[in-house]
Amino acid sequence: MAAAPRSVKISLALQGGGAHGAFTWGVLDYFLEEGSLDFDGISATSSGAMNACALTQGWLDGERDGARKMLAKLWEAVGAQASLMRWAFASPAGAATERILLGLTRYFTPQEMNPLGINPVKNIAAALFDFDKIRNSSPFKLFIAATRVRDGRLKLFDNADLTLDALIASTCLPQLFAAVEIDGEAYWDGGYAGNPAIEPLVYLCNAETIACVLVQPIERAQPPATAREIGERITELSFSTTFIRELETLQTAQNMLAKNFPLTPLGQRLKKIDIQVLEPGESLDSYSAKTRLTARMDFLRDLRDLGRERARAWLEKRRS
């Protein structure tokens, strides 16, 4: 009988991307079911932050099985709210209506389009997550990214600072929602400043492997050819360039440290860091970037299944 795989501790960097975060649901679901990985730190942005809170809350309620149940509950809640999210996440009436709705964001502020401040994501998070419990008892080091509006700087809310408002700030698309004010500062979606941020997992955590779960491909095989494709690619780049630059900076530092100079403790850690990337790859090429705003349950489950398959292949490759 084969021995059970030895448990390995890793940190997670979870990218944001609206409904495409269901891909991360699938990755985490497989990791939890397979059982050979433990988690140290989790750096997350936007829908990645929702996944991070679901993983943490579920783990506190019932460890691995509890985390799987809470992740499923989160995305089932998103799917069940599709009618309420029509203006914010999906357009069941069709793509034409969605284009008209998103086009209005060029002429009206979120306060004008949504004067009552309706935010289904906030309602879901408030119903599912006990932030006092997460702050006081989380088994993981959490780093939730938001973007400070006045200067574009990255703000990381750690375990001690994590609140419902901090989570909603991380998910706050400025075209759709008013900025979230925390301690006198206004914040927007964390994707503009760190999507996801790697730095806290390098300097504030212990795990040597950092698994970056992306919800959009880093590269596109073909350049955009239509006005719509160009617009979608611009949106993708605005939410991925900070991650790519941070990744390249870390790789440059590691290349310099490989020259066998005497190393400080920090240098020794940097040299050992192993950055791994899990992404949907070409499997999402056929989807419009606007499917990040689609909350249909069948679509979310398809992304979950894709995430599970990518996680299975990644683990098998690491063991081969």
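Not a single side-chain contact (heavy atoms from CB on, under 4.5 Å) links Asp65 to another residue, sequence neighbours left out. Among residues two or more places apart in sequence or in another chain, the side chain to side chain donor-acceptor pair (under 3.5 Å) test is passed with Arg150 by Glu185. By the side chain to side chain donor-acceptor pair (under 3.5 Å) test, Glu316 pairs with Arg312, sequence neighbours left out. In terms of the salt bridge (charged side-chain N to carboxylate O under 4.0 Å, His left out) criterion, residue partners of Asp38 (sequence neighbours excluded) are, by chain and number, Arg64. Remark: Tyr30 pairs with no residue by the ring pair (Phe, Tyr, Trp, His ring centres under 6.0 Å) rule, at least two apart or across chains. For Asp130, there are no side chain to side chain donor-acceptor pair (under 3.5 Å) partners at least two apart in sequence or on another chain. Partners of Asp29 under the side chain to side chain donor-acceptor pair (under 3.5 Å) rule, at least two apart in sequence or in another chain, are Arg68, Arg308. Take Ala146 and apply the side-chain contact (heavy atoms from CB on, under 4.5 Å) test, not counting sequence neighbours, and it matches Phe157, Ala169, Tyr187.
Side-chain N or O atoms of Ser137 include none that pairs as donor or acceptor with a backbone N or O of Ile134 at under 3.5 Å. Counting only distance, with no hydrogens or angles, the side chain of Arg310 and the backbone of Pro280 share a donor-acceptor pair below 3.5 Å. In this structure, Gln15 contributes its side chain and Val215 its backbone to a donor-acceptor pair below 3.5 Å. Under a 3.5 Å cut-off, the side chain of Glu246 and the backbone N or O of Ile198 do form a donor-acceptor pair. At least one donor-acceptor pair under 3.5 Å links the side chain of Arg269 to the backbone N or O of Asn206.
When the shell of 6.0 Å around CZ of Arg318 is examined, it contains more than 12 heavy atoms from other residues, nucleotides or ligands.
No side-chain donor-acceptor contact under 3.5 Å links Arg135 and Thr163.
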Before giving the answer on salt bridge (Lys or Arg N to Asp or Glu O under 4.0 Å), spell out for Arg319 and Glu34 the whole-Å C-alpha distance, their side-chain angles and the decisive distance to 0.1 Å. CA-CA 13 Å; Arg319 289 177 186 147; Glu34 193 272 344; 2.3 Å; yes

Checking Arg153 against Thr147 for the side-chain contact (heavy atoms from CB on, under 4.5 Å) test, could you report, in this order, the C-alpha distance in whole Å, the side-chain angles of both residues, the deciding distance, and whether it holds? CA-CA 6 Å; Arg153 288 184 179 273; Thr147 302; over 6 Å; no

Go through Asp151 and Arg148 one step at a time and tell me if the salt bridge (Lys or Arg N to Asp or Glu O under 4.0 Å) criterion holds. CA-CA 6 Å; Asp151 58 9; Arg148 196 164 65 185; 2.4 Å; yes

Evaluate the side-chain contact (heavy atoms from CB on, under 4.5 Å) criterion for residues Leu204 and Phe143: first the C-alpha distance (whole Å), next the side-chain angles of each, then the deciding distance (0.1 Å), finally the verdict. CA-CA 10 Å; Leu204 300 175; Phe143 306 94; 3.7 Å; yes

Report all side-chain donor-acceptor pairs from residues 42-49 shorter than 3.5 Å, counting only partners two or more places apart or in another chain.
unit_1 : atom_1 : unit_2 : atom_2 : d
Ser43  : OG     : Ala197 : O      : 2.6
Thr45  : OG1    : Gly194 : O      : 2.7
Ser46  : OG     : Asp189 : OD2    : 3.0
Ser47  : OG     : Gly17  : N      : 3.1
Ser47  : OG     : Gly18  : O      : 3.3

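Applying the ring pair (Phe, Tyr, Trp, His ring centres under 6.0 Å) test to residues at least two apart or on different chains, the pairs with a partner in residues 41-69 are Trp59-Phe140. Among residues at least two apart or in separate chains, salt bridge (charged side-chain N to carboxylate O under 4.0 Å, His left out) pairs with a member in residues 161-171 are Lys122-Asp165. For the salt bridge (charged side-chain N to carboxylate O under 4.0 Å, His left out) condition, the pairs that include at least one residue of residues 39-60, sequence neighbours left out, are Asp40-Lys141.
Nearest heavy atoms, Asn51 versus Gly21: ND2-O, 3.1 Å.
Taking the side chain as every heavy atom from C-beta outward, Val121 and Val78 never approach each other to under 4.5 Å.
Salt-bridge formation is detected for the pair Asp61/Lys133: a Lys NZ or Arg NE/NH1/NH2 atom is positioned less than 4.0 Å from an Asp or Glu carboxylate oxygen.
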